[in-house]
**Q** 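Sharing a structure here in structure tokens format.
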Amino acid sequence: MLSLEAHAQVLAFSKFKVAHPKLVAADATIRQFVHEPADTAILLVAGPTGAGKTTLKDRVIEKLAAEFESSTLPEPPSPPVAFDCPAPAGTTFAWGDWLAAGLEALRHPAPREIVHVPADPRVAIETGSRRNIGAMRRNLVTLACDQRVAAIGNDEAQHLAAVGRRGLVAQLEMIKSLADAVGVPFILFGTYTLLELRNLSGQLGRRCQDVHFPRYRIDDAQDWTDFKSVVHTFAQELPIDEETLLGDPEWIYLRSAGCIGTLKQWLTRALVASLEDGTGEITRAQLEKKALSVAALTAIAEEITVGEREFEEDAASIAVLEGLIGRTVVREPIEPKAPRKRAGRVGHRNPKRDQTAAAA
């Protein structure tokens, strides 16, 4: 067991956040979307595992809360609420659990014991548990409308896609119908698996937008500079010699896959190890011991490769689109023909100036 002082040190570093460039850019994009969704029902925020999507979600809510608090609007909306998307049991998604989590986020007094009294007295009163999806859905819509929330966020939303291909459309249709009923967009934060919901149908695709929250790339000069800057910032918050981290930045990058969340979790584990050992300083050996395995990092890298490809729009994909919509081929403009002279009537000559005798 760590001492209280050591535990406080770990907790302080766990709460430490770095406003790195990719986080700031994604946050600005999402907040702009919340202010002006332009009839978009769902925003898909996708990135690799360990990119820091939960930190991004918390930052978005915090920034929007500050904006609405200082707003000059007569009745500004409430900040977004957010909750975790439950993992399905097998291929069956538990919408009762999902709605219960949403009701808890909206501070419903008893989300597990829903009572719905219909307007028509001939209809039986609905009571009971999470099996009563209809009543829970109506309660969530009512609470969200009454509280005038600006948006509803869902973390770990890739779980929505873990239901088999046939159920994907129904999953997104449920979210879209809730967004339409509440009148605010839903923001789904998840891994690249979330993108499986994006192109299920033309109608759903029209009501969705996506935001890429990517890793830092070592082959991009600006990304590489920004990544090393984040490593330097973390080093200043830890009992570690900066040279241990910055002396071999390529190794630090490799063992974090360029993802800030993965990097921070790794450094947190190394900090705990240093406190347990009583060394008082994180060493290279502790970093090596607490790094993710090569097998785990390989799986992450493969997922990143596939996911990043989903955001690419190359010439081949554009050519497919052009073929499908029958884009008109642009041709060279045709030179206009000279106007034809109008022929006169038979027996009548065309009007012209006659030559005078003096001119002759």
Side-chain angles (χ1 to χ4, degrees), residues 20-23 25-26 29-30 42-57 84-88 90-91 93 154-172 175 186-202 204-220 222-224 226-227 250 252-266 291-321 323-324:
H20 56 91
K22 291 194 184 299
L23 179 76
T29 301
I30 296 170
I42 302 170
L43 184 68
L44 306 175
V45 183
T49 182
K53 294 179 290 296
T54 299
T55 300
L56 172 62
K57 175 208 66 180
D84 287 349
C85 180
T91 58
F93 188 79
N154 205 196
D155 205 2
E156 302 293 340
Q158 70 273 2
H159 293 155
L160 288 166
V163 294
R165 188 67 185 176
R166 292 185 178 180
L168 290 179
V169 174
Q171 297 291 87
L172 204 59
I175 300 294
F186 275 65
I187 307 173
L188 308 183
F189 298 84
T191 62
Y192 288 125
T193 306
L194 185 63
L195 297 177
E196 294 181 17
L197 300 171
R198 182 172 58 169
N199 302 320
L200 296 174
S201 71
L204 288 172
R206 185 180 65 85
R207 300 295 305 280
C208 293
Q209 289 186 34
D210 50 55
V211 173
H212 190 193
F213 185 40
R215 60 168 173 146
Y216 284 88
R217 299 184 63 100
I218 197 171
D219 55 354
D220 182 284
Q222 187 60 57
D223 270 16
W224 184 228
D226 293 339
F227 180 81
E250 289 85 359
I252 298 296
Y253 178 87
L254 178 68
R255 302 309 289 248
S256 65
C259 297
I260 302 304
T262 300
L263 171 63
K264 186 181 178 186
Q265 290 172 342
W266 176 23
L292 291 177
S293 67
V294 172
L297 288 165
T298 300
I300 292 172
E302 290 173 347
E303 292 174 3
I304 288 174
T305 301
V306 174
E308 288 178 342
R309 196 176 299 131
E310 287 292 321
F311 282 96
E312 294 177 356
E313 294 185 354
D314 53 15
S317 61
I318 295 174
V320 171
L321 171 63
L324 289 172

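Any value given below was found using the heavy atoms of this structure, including those in side chains, with hydrogens, waters and symmetry copies removed. As the structure is a computational prediction, the values presented were derived from the model and not from experiment.
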**Q** Would you say D220's side chain and D223's backbone share a donor-acceptor pair under 3.5 angstrom?
**A** yes
**Q** For R217, what residues pass the salt bridge (Lys or Arg N to Asp or Glu O under 4.0 Å) criterion, not counting sequence neighbours?
**A** D219, E308
**Q** Between E303 and P48, is there a side-chain heavy-atom distance shorter than 4.5 Å?
**A** no
**Q** How many angstroms lie between atom CG of L43 and atom CZ of F186, to the nearest 0.5 angstrom?
**A** 13.0 Å
**Q** With sequence neighbours left out, what residues match D226 under side-chain hydrogen bond (donor to acceptor under 3.5 Å, both in side chains)?
**A** Q222
**Q** Do you know the tightest heavy-atom contact between F213 and A26?
**A** CD1-CB, 3.9 Å
**Q** Let's go through E302 and V306 carefully: what are the C-alpha distance in whole Å and the side-chain angles of both, what is the deciding distance for side-chain contact (heavy atoms from CB on, under 4.5 Å) to 0.1 Å, and is it a yes or a no?
**A** CA-CA 6 Å; E302 290 173 347; V306 174; 5.8 Å; no
**Q** Output a table of donor-acceptor pairs, distance under 3.5 Å, between side-chain atoms of residues 252-262 and any protein atom two or more places apart or on a different chain; print 'none' if there are none.
**A**
{"from": "Y253", "atom 1": "OH", "to": "R215", "atom 2": "NH1", "distance (Å)": "3.3"}
{"from": "Y253", "atom 1": "OH", "to": "Y216", "atom 2": "O", "distance (Å)": "2.7"}
{"from": "Y253", "atom 1": "OH", "to": "I218", "atom 2": "N", "distance (Å)": "3.2"}
{"from": "R255", "atom 1": "NH2", "to": "L292", "atom 2": "O", "distance (Å)": "2.8"}
{"from": "S256", "atom 1": "OG", "to": "I252", "atom 2": "O", "distance (Å)": "2.9"}
{"from": "S256", "atom 1": "OG", "to": "Y253", "atom 2": "O", "distance (Å)": "3.2"}

**Q** Check the pair E250 / W224 against side-chain contact (heavy atoms from CB on, under 4.5 Å), numbers first and verdict last.
**A** CA-CA 10 Å; E250 289 85 359; W224 184 228; 4.0 Å; yes
**Q** Just wondering, are more than 12 heavy atoms of other shown residues or ligands nearer than 6.0 Å to CD in E313?
**A** no
**Q** With Q158, which of T193, T49, L197 fulfils side-chain contact (heavy atoms from CB on, under 4.5 Å)?
**A** T193
**Q** So, R198 side chain and E310 main chain: donor-acceptor pair closer than 3.5 Å or not?
**A** yes
**Q** Quick one: are L160 and F93 in side-chain contact, heavy atoms under 4.5 Å?
**A** yes
